[in-house]
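These notes are about the structure you will find just below.
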Amino acid sequence: QVQLVESGGGLVQAGGSLRLSCAASGSIFTINAMGWYRQAPGRQRELVAVILSAGSTNYADSVKGRFTISRDNDKNTVYLEMNSLKPEDTAVYYCNALVLTTSKQYLERWGQGTLVTVSS
């Protein structure tokens with residue numbers, strides 16, 4: 001009914017940059033919030049950044065000043081610009097969205113995950 005497709009992960013050296021994208025499709029009326037989470041090996045999934053439909057944002061302390069989340073409401077797409085990457089940013093990054101469907105049902109959806117590896 002609603003799908004999220006991520007792209008943009010990969011291998012980068014410390015200090016480098018990557019840009020993740022996540023496009024939502026399906027029976028979407030509106031998307032209230034879109035965000036990025038990450039899960040490193042042996043660790044719990046954690047919030048990286050979230051952006052509401054009006055544009056307000058929230059970031060994990062560990063990425064403030066380095067990562068920027070943005071969204072294109074016309075394209076139902078959220079982006080994560082990651083700069084000054086560190087080895088500790090290595091993780092699988094997951095897109096998340098809280099969607100109001102055309103049948104007026106709220107759904108939470110996750111992307112399939114994209115691996116970001118930062119080498120030292």
Side-chain angles (χ1 to χ4, degrees):
Q1 193 173 14
V2 176
Q3 299 83 34
L4 303 181
V5 178
E6 302 154 352
S7 61
L11 173 65
V12 64
Q13 288 188 330
S17 299
L18 281 175
R19 188 190 195 212
L20 306 182
S21 300
C22 172
S25 63
S27 304
I28 298 170
F29 181 74
T30 188
I31 302 178
N32 286 19
M34 300 188 82
W36 291 94
Y37 290 72
R38 67 186 181 187
Q39 187 167 19
R43 302 190 66 175
Q44 289 188 331
R45 190 173 298 188
E46 63 177 1
L47 173 69
V48 176
V50 63
I51 183 167
L52 302 184
S53 57
S56 60
T57 59
N58 191 36
Y59 295 90
D61 288 342
S62 58
V63 306
K64 283 181 181 177
R66 301 187 298 121
F67 291 10
T68 302
I69 190 170
S70 61
R71 64 189 282 176
D72 184 332
N73 290 330
D74 291 337
K75 296 181 179 179
N76 290 327
T77 299
V78 64
Y79 306 95
L80 185 68
E81 187 75 36
M82 304 185 293
N83 298 316
S84 302
L85 282 161
K86 304 175 181 179
E88 51 263 43
D89 294 317
T90 295
V92 177
Y93 284 70
Y94 296 92
C95 176
N96 174 273
L98 180 59
V99 177
L100 180 62
T101 68
T102 52
S103 58
K104 300 302 186 288
Q105 178 185 13
Y106 277 104
L107 296 177
E108 183 182 28
R109 285 293 178 262
W110 292 90
Q112 78 282 3
T114 185
L115 178 62
V116 172
T117 304
V118 184
S119 63
S120 57

From [X] [atom1] over to [Y] [atom2], what is the distance, rounded to the nearest 0.5 angstrom?
X: Cys22; Y: Glu6; atom1: SG; atom2: CD; value: 5.0 Å
X: Tyr37; Y: Leu47; atom1: OH; atom2: CG; value: 5.0 Å
X: Gln44; Y: Gln39; atom1: CD; atom2: CD; value: 8.0 Å
X: Ile31; Y: Asn76; atom1: CD1; atom2: CG; value: 4.0 Å
X: Asp72; Y: Tyr79; atom1: CG; atom2: OH; value: 5.0 Å
X: Glu81; Y: Ser21; atom1: CD; atom2: OG; value: 9.0 Å

Check this for me, if you would: do Asp89 and Lys86 make a salt bridge, where the nitrogen-to-carboxylate-oxygen distance has to be below 4.0 angstrom? no
Considering only heavy atoms from C-beta outward, does the side chain of [X] approach that of [Y] to under 4.5 Å?
X: Trp110; Y: Cys95; result: no
X: Val78; Y: Leu80; result: no
X: Val63; Y: Arg38; result: yes

Phe67 and Tyr93 aromatic ring geometry - parallel, tilted or perpendicular at 30°/60° bounds: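 Tyr93 and Phe67: tilted rings.
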Identify the two heavy atoms, one from Val5 and one from Gln112, that lie closest to each other, and give their separation to 0.1 Å.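 Looks like CA-OE1, 4.0 Å.
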Looking at Ser103 and Gln1, what are the two nearest heavy atoms and their distance? OG-NE2, 4.0 Å
Are Trp36 and Leu4 connected in a single hydrophobic cluster, I mean Ile/Leu/Val/Met/Phe/Trp/Tyr linked by side-chain heavy atoms less than 4.5 Å apart? no
Does Val50 belong to the same Ile/Leu/Val/Met/Phe/Trp/Tyr cluster as Val2, with side-chain heavy atoms less than 4.5 Å apart forming each link? no
Donor-acceptor contact below 3.5 Å, side chain [X] vs main chain [Y]:
X: Thr57; Y: Ile51; result: no
X: Tyr59; Y: Ile69; result: yes
X: Arg109; Y: Val99; result: no

Any chance the side chains of Ser17 and Asn83 put a donor and an acceptor closer than 3.5 Å?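 A donor-acceptor contact under 3.5 Å links the two side chains.
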